[in-house]
**Q** 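Okay, here's the structure, questions in a sec.
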Amino acid sequence: MTTGVLISQIFNGLSLFTILALMGIGLAVVFGLMGVINMAHGELMAFGAFSTYLTSLFFLKYAPRLMDIYFPIGLIAAFCSTALVGLVLERTMIRYLYKRPLDTLLATWGLSLILQQAFRNLFGPINVSVPTVSWLRGAWNLTPQIGIPISRVFIIGLTLFVAAGVYLFFYRSRWGVRIRAVMQHREMAGAAGINTQRVDAVTFAVGCGLAGIAGSALTMIASTGPSTGQQYIIDAFIVVVFGGIESFVGTFLSAFAIGQMQSMFELFLSGSMAKALVLILVIIALYFRPNGLFSIKVRK
Amino acid sequence: MPYTKRQFLKAATAVGAAGLLPTIAGSRVARADEPINVGILHSLTGSIAIAEIGVTEAERLAIEEINASGGVLGKQIRVVMEDGASDNPIFAEKAQKLLASDKCAAVFGCYTSASRKAVLPVFERYKGLLYYPTHDEGLEFSKNIIYTGADGVQCAFPAIDWLMQNKGKKFYLIGSDFIFPRTINRISRAKIKKDGGEVVGEDYEPLGATDFQSFIAKIKAAKPDAILSTIVGDSNVSFYKQLNAAGLSDIAQSIVALAVGEEEARGIGPENLVGVNSCMGYFQSVDTPESKKFATAFKKRYGENRVVGDVMECGYISVYLWKLAVEKAGTFDVEKVVAASSDLPFDAPEGKVKIHATNHRLWKHARIGKFRADGQLDIVHETPLIEPVPFPKL
C-alpha cells in the first residue's frame, strides 16, 4: 500500500462523510428533534432528486444555453418543493400522530410505499438520467494515484454550507429559539406565547427540505428512480441513531466516523464486508452507549 | 279455435325449446373454440419492476402476434396477468392461483433467481410449465421449467475469451454481493486460471450500494488489463457515474459487464457508459430480419423512444418456443409439450437458437457490444452457438 492510495482513501472517507451527513441531517431534525420516526425520509430524498430531474428537463427545453447553471437552481427547487410536501404532510397527517411514535412508523412506512408507486406511475419504473453539469464533471489529478472528482468536492462544499445554514437557523435565529423552546418543553413554550403548531409545521418542513437537498445532490453520484429512497433510508437512520438522536454535532461526528471507517476497511476488505464490519462496530458502540455517541441529558 | 291453456303451454315449450337448441349446440362449438389461458407473472410494482415491466410487454407482444395469425392449435391465447410485486412469497401465491384456478397451459415469468426458486415447488406440485427469461447462474434443473436466458457459462466464458484476446491476462472481478455474481466469479476464476490468466482482485459491494469511490480506487491500484463486472441494478448507475466522474476512461474500456443492457443504459445516462463493453445474447443492434421485425413491432406497439434488450428478447421468444412445442406435440399437455421441446429449433431475433436435448436451456449465441453515446451498442464480436452447461465442472 502506497501513501498515494492512503491519501486518496482519506479523501474518499471525507467524501463519504459528507454524503452520509447530508443524508442524515434532515432526519436529525425530523427524527432527532421532533421524534417522528420518518420511514419516508428516503422517498423525500427521491422527491428532491426528481425535482432536480424536472428542473433539468425544463432547462433542456426552454433554455438549453443556460444548462450550465441549472444544477444550483435544481438544488433550490428541490429544497422548496420537498419542504412544501413536508408542510402538507405535517398538516394533514403527521400532526395527528405526535403522541404515537409507533403509529408514526407504520404511517410513514405506508407513505413511503405510496410515494414509490406514485413515482413509478409518473416517471415510469426505469431510472431517469439526471445530467451532471459540465463544470462538475471530471477530476483533479494531483498525482497519477490521487484523483479528486470535482463532484465530490462540490458535495463537501455543499454539506458545509448546509451545516452552517442549519446552525444559523437553529441556534442564531428567532425561529431557532422558538423551535428549541417547543422541543424542550411544549406546554411552557405555548404558555410563553409561541404558536407551537406553527413551529411544528415549520420544523418538519425544514427537515424535509434538507432531505430534498440531499436527494438532489446525490443525483450526481447515484441513481434516480422510484426505489432510490430505499438505498438511503438505512444509512440515514444509522447515522442519526449512532450519533445520538438529539444532537446535530453527534450526527456529523457519527457520519465522519462511519465514513472514515468504511473507506479504511475497504483498503483490505471487500466493500460488502467493510460495511458489515462497520455495522458490527456500530452495534457494539450502541451496546455501551445506548443513546448514541452524543446524548444530551434531558429530564424525562 | 281458441287455444286451451294446456295447448298454449305445449306450443310455447316447443317454440322455446327450438329457440334454445341452437344456443346449446352453439355453446358446445364455442367451448371447442374457447381460448387457452396462459399466465404472465412478473413484478409490476416494487423495486424489481424496473427490469420486469419491459419483459412483460415483450411477452404480451408475442402473444398478440400469435393471436393475430390464428392462435395455437386453432385456439386464441388469453393472457392472465399477475403481479409478483418484487416479493417472493407473493410470486409463489400468484403461481398457485395461475395454475390451480386459471388452469394456465404455460406461464411466462420471474426475473430474479430467488423468485424462480420460490415458484419452482408450486410448478412441480401442480405440474405446470414455466418459461424463465433471465440469464442466471445456472445450477438448477426442473422438469417443469424451460430456461430461455443464458446460463453462467454462456454469460461469462465468451466475455473472458474476448477480454483475454483483446485486453490482456490480468483480470479483476467485480460484482454485487449475491448468488449470481459469486457463482459467475467462481467459475470465471477456474476458467481464467486454466487459460493462463491471473486474477489480481475480486471485490463485492452490497446490492443497492451507492458509494463506489474506494471500490474504484482499489481497481485503479491493482492495474488490471481486463475487468469482468456482475454489478446489477441501481448500483450500476452509481458505479459508472462515479467512474466517469473520476475520468478513468481506460478502466471503463477494459470492462465487460454482464448485466448492463440498453434499458439500464437509459437510467445510467449513456454519456457515462461510452466505451464500456457488454456481453449478452441479444442487442437491439443485432442485424437479422427477425431482430428488425421484433424491434419495429415493439416500438410500434409501445412507443418510438422505447428500446429492446436481451431479457425482453428472451421473454418474446419464450412464447414462440411454447407455441412451436405445443404444435409439435399436438396438445397442451405439459409433459408432452416438454418432451416436444427437446432439440426444438427457432429463428429468433438473436439468430438461430435450439432447445437443448436434455437440460431445458437454449443453445445460444453470445455477443460483445461496445456502448455508443446514444445508449445503443456496436457489436464487436459474435460467437457461434454455445452449448448450455448449467452445472459446470470446475
Side-chain angles (χ1 to χ4, degrees), chain A residues 1-2 4-5 8-9 11-13 15-16 19-20 113 116-117 120 124-132 136-139 141 144-152 218-228 230-232 235 259 262-267 269-276, chain B residues 43-54 85-86 174-178 201-218 220-222 233-248 263-273 306-307 375:
Chain A
M1 191 199 311
T2 60
V5 174
S8 80
Q9 279 310 87
F11 172 78
N12 292 344
S15 161
L16 188 56
I19 289 167
L20 290 171
L113 294 180
Q116 279 178 47
Q117 198 57 35
R120 203 167 280 124
I126 297 162
N127 287 330
V128 297
S129 159
V130 182
T132 304
L136 286 174
R137 283 189 214 137
N141 287 304
Q145 266 122 27
I146 309 173
I148 294 182
I150 296 164
S151 54
R152 299 294 179 130
L218 291 179
T219 57
M220 284 192 293
I221 62 161
S223 63
T224 306
S227 50
T228 296
Q230 297 296 302
Q231 299 168 354
Y232 303 134
D235 281 337
Q262 172 81 24
S263 61
M264 284 300 138
F265 291 156
E266 279 204 42
L267 279 172
L269 288 173
S270 81
S272 52
M273 282 314 291
K275 183 141 198 185
Chain B
S43 301
L44 306 176
T45 55
S47 60
I48 309 176
I50 177 176
E52 294 196 68
I53 286 179
S86 310
I174 57 178
S176 298
D177 210 350
F178 71 109
E202 184 173 341
D203 205 353
Y204 299 93
E205 283 284 343
L207 273 169
T210 51
D211 194 276
F212 281 85
Q213 281 277 95
S214 306
F215 193 83
I216 291 168
K218 272 195 281 182
K220 205 170 138 189
D234 284 356
S235 288
N236 271 319
V237 183
S238 307
F239 177 63
Y240 291 106
K241 269 193 175 171
Q242 291 167 35
L243 194 63
N244 191 34
L248 300 169
E263 285 255 291
E264 287 80 9
R266 289 167 64 198
I268 295 170
E271 72 275 9
N272 294 310
L273 271 177
R306 298 293 306 275
V307 292

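Keep in mind that the numbers below use all heavy atoms, side chains included, and drop hydrogens, waters and symmetry copies. Each chain gets a letter, A, B and so on, in the order the sequences are listed, and its residues count up from 1.
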**Q** Check each atom of B:Ala245 against the heavy atoms of chain A and say whether the ones under 4.5 Å are side chain, backbone, both or neither.
**A** both

**Q** Could you tell me which of A:Gly225, A:Ala222, A:Gly138, A:Ala276 has the largest number of non-hydrogen atom pairs under 4.5 Å with chain B?
**A**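 The residue among A:Gly225, A:Ala222, A:Gly138, A:Ala276 with the greatest pair count is A:Ala222.
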
**Q** Would you mind reporting whether B:Lys241 and A:Ile221 have side-chain heavy atoms less than 4.5 Å apart?
**A** no

**Q** Is the shortest heavy-atom distance from the side chain of A:Phe11 to the side chain of B:Gln213 under 4.5 Å?
**A**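 Side-chain contact under 4.5 Å: yes.
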
**Q** Measure distances from A:Met273 to the heavy atoms of chain B and classify the residue's part below 4.5 Å as side chain, backbone, both or neither.
**A** neither

**Q** For the atom pair CD1 (B:Ile216) and OG (A:Ser8), what is the distance rounded to the nearest 0.5 Å?
**A** 11.0 Å

**Q** At a heavy-atom separation under 4.5 Å, does A:Ile19 approach chain B through its side chain, its backbone, both, or neither?
**A** side chain

**Q** Relative to chain B, which segment of A:Ser151 carries a heavy atom at a distance below 4.5 Å: side chain, backbone, both, or neither?
**A**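 The side chain, not the backbone.
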
**Q** Which pair of heavy atoms, one from B:Lys218 and one from A:Gly271, lies closest together, and at what distance?
**A** NZ-N, 4.4 Å

**Q** Taking C-beta and beyond as the side chain, do B:Glu263 and A:Ile126 meet within less than 4.5 Å on heavy atoms?
**A** yes

**Q** Pick one of side chain, backbone, both or neither for A:Glu266, based on which atoms fall under 4.5 Å of a heavy atom in chain B.
**A**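 Contact with chain B: backbone and side chain both.
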
**Q** Supply the atom-to-atom distance B:Asp211 CG to A:Ser15 OG, rounded to the nearest 0.5 angstrom.
**A**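 These two atoms lie 6.0 Å from each other.
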
**Q** With only heavy atoms counted, which part of B:Leu248 is less than 4.5 Å from chain A, the side chain, the backbone, both or neither?
**A** neither

**Q** Out of curiosity, A:Gln116 CD to B:Ser86 OG, how far, rounded to the nearest 0.5 Å?
**A**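 So the gap between those two atoms works out to 9.5 Å.
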
**Q** Can you measure from OG (A:Ser270) to CD (B:Glu202) and round to the nearest 0.5 angstrom?
**A** 9.0 Å

**Q** Determine the minimum heavy-atom distance between A:Gly147 and B:Lys220, stating which atoms define it.
**A**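 Looking at all heavy atoms of both residues, the shortest contact is N-NZ, 3.9 Å.
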
**Q** How far apart are the closest heavy atoms of A:Ala139 and B:Ala246, and which atoms are they?
**A**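 The pair with the smallest heavy-atom distance is CB-O, 3.7 Å.
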
**Q** Counting only N and O atoms by type, is there a donor-acceptor contact under 3.5 Å from the side chain of B:Asp234 to the main-chain atoms of A:Thr228?
**A** no

**Q** Report the distance from atom CD of B:Glu264 to atom CG of A:Asn127, rounding to the nearest 0.5 Å.
**A**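 The distance works out to 9.5 Å.
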
**Q** Distance check, rounded to the nearest 0.5 Å: A:Ser272 atom OG versus B:Asp203 atom CG?
**A** 7.5 Å

**Q** Measuring only between side-chain heavy atoms, which start at C-beta, is B:Ser214 closer than 4.5 Å to A:Gln9?
**A** yes

**Q** Mind ranking A:Gln262, A:Gln231, A:Arg137 by heavy-atom pairs under 4.5 Å with chain B and telling me who comes out on top?
**A** A:Gln231

**Q** For the interface with chain A, which of B:Ile53, B:Leu207, B:Asn236, B:Thr45 has the highest count of heavy-atom pairs at distances below 4.5 Å?
**A** B:Thr45

**Q** Which region of B:Glu205, side chain (C-beta onward) or backbone (N, CA, C, O), has a non-hydrogen atom less than 4.5 Å from a non-hydrogen atom of chain A, or is it both or neither?
**A** both

**Q** Looking at chain B, which one of A:Ser227, A:Ser223, A:Gly13, A:Gly124 has the largest number of heavy-atom pairs inside 4.5 Å, strictly under?
**A**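 Between A:Ser227, A:Ser223, A:Gly13, A:Gly124, the count favours A:Ser223.
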
**Q** Do the non-hydrogen side-chain atoms of B:Thr210 and A:Tyr232 ever get within less than 4.5 Å of each other?
**A**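 Yes. Closest side-chain heavy atoms under 4.5 Å.
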
**Q** Taking all non-hydrogen atoms of both residues, which atom of A:Val5 and which atom of B:Ala221 are closest, and how far apart?
**A**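 Taking A:Val5 first and B:Ala221 second, the nearest heavy atoms are CG2-CB, 4.2 Å.
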
